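Below is one structure, written out as structure tokens; comments come after it.
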Amino acid sequence: MKGKLTLQQRLILPIVLLGLVTLLSNILAVFSINNVNANAGTIVDTYMASETKLEEIRRSMMGIHRLALSHIVAADHSTMIRLVQEIKEEEAALDEQLAAYEGFVSEEEEETYQALLEDYAAFKHALVKLVCASADSKTQEAYAMANGAVAQYSNQVEADINTLYTAVSTQAEAARGRLSAVYITSLLTSCVTL
């Protein structure tokens, strides 16, 4: 009699085993969902946000450059003063954007980020000379500055932004690959558990 299980024990044993398998399955499913969510969150919060901020920086640079060129062709002093105020506002906004972007810069990108800041500072300095020449009715000198130093530093800033964008895009692509691997691992784990 000791070796035999009662009918009640025989019925409870499969239910207990089924409960344990269900519990294990649910724990693995939650773990898998958490892994997929963490990887997707990294892609959205880090890489996509970084790409968006770089595009905002690019647009601001183009806006400042456009305003400076508008200053050269402005016909009256009130328009010139308004354009200088707009340039200063755009520069202040761009300074904030560049400072905010520092949180997204990895060690590998630090050198490029510093080059971006230096090129932007040189761009602003050249812009001051352009606006001064333009305000002093030295149109030829202003055009020379626009086609010379301002264009040069603008192109360098653009190149720095492109380098950072490429690095971020590469990292995002690698993260997408990791996300796919985590998804497939999660799917296989769920299939094995089932």
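Keep in mind that this is a model prediction, so the values were computed, not measured.
By the 4.5 Å heavy-atom criterion applied to side chains, Asn162 and Glu158 are counted as neighbours. Using a 4.5 Å heavy-atom threshold, the side chains of Leu24 and Leu20 count as separate. Between Tyr47 and Glu51 there is no side-chain heavy-atom pair separated by less than 4.5 Å. Side chains of Tyr101 and Leu164 form a contact here, defined as non-hydrogen atoms less than 4.5 Å apart. When side chains are defined from C-beta on, Glu141 does not count as touching Asp136, because their heavy atoms never get closer than 4.5 Å. Counting only heavy atoms from C-beta outward, the side chains of Arg176 and Glu173 approach each other to under 4.5 Å. Between Thr163 and Glu109 there is no side-chain heavy-atom pair separated by less than 4.5 Å.
To the nearest 0.5 Å, atom NE2 of residue His125 and atom CG of residue Leu127 are 11.0 Å apart. To the nearest 0.5 Å, the span separating CG on Asp160 from CD1 on Ile57 amounts to 11.0 Å. Atom-to-atom distance recorded for Gln97:CD and Glu102:CD is 14.5 Å, nearest 0.5 angstrom. Separation of atoms CG (Asp95) and NZ (Lys88) is listed at 9.5 Å; rounding is to 0.5 Å.
By the 6.0 Å contact criterion, NZ on Lys124 is enclosed, its count of non-hydrogen atoms from other residues, nucleotides or ligands being greater than 12.
Contact record, Val157 with Tyr120: CG2-N, 3.6 Å, taken as the closest heavy-atom pair. Of all heavy-atom pairs spanning His71 and Ala135, the tightest one is CE1-N, 3.7 Å. Ile72 and Ser134 get closest at one heavy-atom pair: CA-OG, 3.3 Å.
Under 3.5 Å, the side chains of Gln114 and Glu110 contain a donor-acceptor pair of N or O atoms.
When the side chains of ILVMFWY residues are joined at heavy-atom separations under 4.5 Å, either directly or via intervening members, Leu130 and Val73 end up in a single hydrophobic cluster. Following chains of ILVMFWY side-chain contacts shorter than 4.5 Å, one cannot reach Met80 starting from Leu69, and the two form parts of different hydrophobic clusters.
Partners of Glu86 according to the salt bridge (charged side-chain N to carboxylate O under 4.0 Å, His left out) rule, which considers only residues two or more places apart in sequence or in another chain, are Arg82.
A side chain to side chain donor-acceptor pair (under 3.5 Å) check over residues 146-157, counting only residues at least two apart or in different chains, returns the pairs His65-Ser154.
With hydrogens and angles disregarded, no donor-acceptor distance shorter than 3.5 Å links the side chain of Ser50 to the backbone of Phe104.
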